[in-house]
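To keep things clear, I will list the structure first and then write my remarks on it.
These values consider heavy atoms only, across backbone and side chains, with no hydrogens, waters or symmetry-generated copies.
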Amino acid sequence: MGRVASLMQNNCAVQTAEGWLNPGAIVEAFESRAAKMSVQCGRRLAKFENPEEGFAELSADLVEAAVAHCQVIFVSKFVEKLQQDIPGKGVKQALEALCYVYALFLLHKHQGDFLATGYLTPKQASLANDQLRTLYTKVSRQQYIFII
């Protein structure tokens, strides 16, 4: 939340399906979505004279904002760990593919939020879906043999 001001101004820069294989682009998408959802909830809550009434009224939105925040943590930690050395032949490449599948699956599943916050355009969401399908094919055809 320390970067909320800049995240509120961010829009996605990805222009190709392959652009979604950039860990920074993926993490920024999740960070921006969570920040924008949290700020929207805060603005709506501020309109209530009685905070308890506001929390009751907006509980579904607050849960979705919390889920978005948890996804930021999970995706960013996954990406962060992949920046480290990972022992075993082929292990890092397999984990990278799975990280992208997981992140793009979440983006697909919650694309309404990404679109509603204005971070993604419909074209960029479509490109993410295209990349996800490509990764599904790659992962399903790949035989992973790990030497640890």
Side-chain angles (χ1 to χ4, degrees), residues 1-88 91-140 142 144:
M1 293 307 291
R3 297 181 25 238
V4 72
S6 65
L7 290 170
M8 291 298 291
Q9 302 302 317
N10 281 359
N11 290 316
C12 185
V14 173
Q15 298 298 317
T16 64
E18 294 78 22
W20 284 110
L21 297 178
N22 176 340
I26 288 175
V27 170
E28 183 178 278
F30 281 87
E31 289 174 336
S32 181
R33 169 182 161 240
K36 289 178 180 188
M37 289 174 73
S38 296
V39 167
Q40 288 172 353
C41 284
R43 288 179 180 157
R44 287 189 215 135
L45 277 172
K47 293 178 182 180
F48 287 86
E49 288 183 31
N50 180 347
E52 290 176 10
E53 186 180 308
F55 278 99
E57 179 90 15
L58 299 173
S59 62
D61 294 334
L62 293 167
V63 167
E64 289 302 316
V67 167
H69 180 71
C70 291
Q71 290 173 350
V72 168
I73 294 168
F74 202 86
V75 169
S76 65
K77 290 298 178 187
F78 201 164
V79 167
E80 183 181 308
K81 289 294 181 184
L82 289 173
Q83 304 306 313
Q84 299 172 3
D85 287 333
I86 298 173
V91 174
K92 186 171 186 169
Q93 292 78 12
L95 289 173
E96 285 173 342
L98 293 176
C99 178
Y100 290 126
V101 165
Y102 178 71
L104 292 176
F105 165 78
L106 288 177
L107 194 148
H108 172 74
K109 183 178 178 183
H110 299 280
Q111 76 179 1
D113 292 340
F114 287 95
L115 293 167
T117 60
Y119 183 75
L120 290 183
T121 65
K123 174 69 174 168
Q124 290 165 325
S126 178
L127 291 170
N129 291 337
D130 291 346
Q131 185 59 51
L132 179 59
R133 282 190 296 278
T134 299
L135 287 167
Y136 281 155
T137 301
K138 177 182 176 183
V139 169
S140 70
Q142 191 72 33
Y144 294 105

Task: Partner residues of Asn11 under the side chain to side chain donor-acceptor pair (under 3.5 Å) criterion, sequence neighbours left out - done: none
TODO: Can you sort out the partners of Lys81 under salt bridge (charged side-chain N to carboxylate O under 4.0 Å, His left out), two or more places apart, ordered by chain and number?
DONE: none
TODO: Can you see which heavy atom on Lys92 is nearest to which on Gln84, and at what distance?
DONE: NZ-O, 3.3 Å
- [ ] Compare all side-chain heavy atoms of Leu107 with those of Leu132 and state whether any distance is below 4.5 angstrom.
- [x] no
TODO: Mind checking the CG-CD1 spacing from Leu21 to Ile26? Nearest 0.5 Å is all I need.
DONE: 7.0 Å
TODO: Among residues two or more places apart or on two chains, list those pairs meeting ring pair (Phe, Tyr, Trp, His ring centres under 6.0 Å) that have a residue in residues 28-50.
DONE: Phe30-Phe114
Open item on the list: By the side chain to side chain donor-acceptor pair (under 3.5 Å) test, which pairs, at least two apart or in different chains, include something from residues 45-56?
Closed with: none
Task: Considering all heavy atoms, the nearest Ala97-Val139 contact - done: CB-CG2, 4.0 Å
- [ ] Could you tell me which residues satisfy side chain to side chain donor-acceptor pair (under 3.5 Å) with Tyr119, sequence neighbours excluded, listed by chain and number?
- [x] Glu28
TODO: Could you grab the distance from atom CD of Glu57 to atom CZ of Arg44, nearest 0.5 Å is fine?
DONE: 10.5 Å
Open item on the list: Considering only residues two or more places apart or on different chains, which pairs with a residue in residues 94-117 satisfy salt bridge (charged side-chain N to carboxylate O under 4.0 Å, His left out)?
Closed with: Arg33-Asp113
Task: Minimum heavy-atom distance between Val79 and Cys99, given as atom pair plus value - done: CG2-SG, 3.8 Å
Open item on the list: To check you understand the geometry: which heavy-atom pair defines the closest contact between Ala25 and Gly19, and what is its length?
Closed with: CB-O, 4.1 Å
Task: Distance in Å, Glu31 CD paired with Ile73 CD1, rounded so as to fall on 0.5 Å steps - done: 10.5 Å
Task: Contacts of Glu18 that satisfy salt bridge (charged side-chain N to carboxylate O under 4.0 Å, His left out) - sequence neighbours left out - done: none
Task: Nearest non-hydrogen partners of Lys36 and Gly118, listed with the distance - done: NZ-C, 4.2 Å
Task: Leu45: partners by side-chain contact (heavy atoms from CB on, under 4.5 Å), with sequence neighbours left out - done: Phe55, Leu58, Leu62
TODO: Kindly compute the distance separating CZ (Phe74) from NE2 (His69), expressed to the nearest 0.5 Å.
DONE: 14.0 Å
Open item on the list: Once side-chain contact (heavy atoms from CB on, under 4.5 Å) is applied, do any residues pair with Ala13, and if so which ones, sequence neighbours excluded?
Closed with: none
TODO: Taking side-chain contact (heavy atoms from CB on, under 4.5 Å) as the test, write out the residues that go with Leu95, two or more places apart.
DONE: Leu82, Ile86, Val91
TODO: Could you tell me the separation between the CG atom of Asp61 and the CD atom of Gln40, rounded to the nearest 0.5 Å?
DONE: 8.5 Å
- [ ] Determine which pairs satisfy side chain to side chain donor-acceptor pair (under 3.5 Å) with at least one residue from residues 121-130, sequence neighbours left out, and list them in order.
- [x] His108-Asn129, Gln111-Asn129, Thr121-Gln124, Asp130-Arg133
- [ ] Write down the atom of Tyr102, the atom of Val75, and the distance for their closest heavy-atom approach.
- [x] CE2-CG2, 4.2 Å
Task: Those residues that, when tested against Tyr136, pass ring pair (Phe, Tyr, Trp, His ring centres under 6.0 Å) (two or more places apart) - done: none
Open item on the list: Quick check against the 3.5 Å criterion: does Ser32 have a side-chain atom that pairs as donor or acceptor with the backbone of Ala29?
Closed with: no
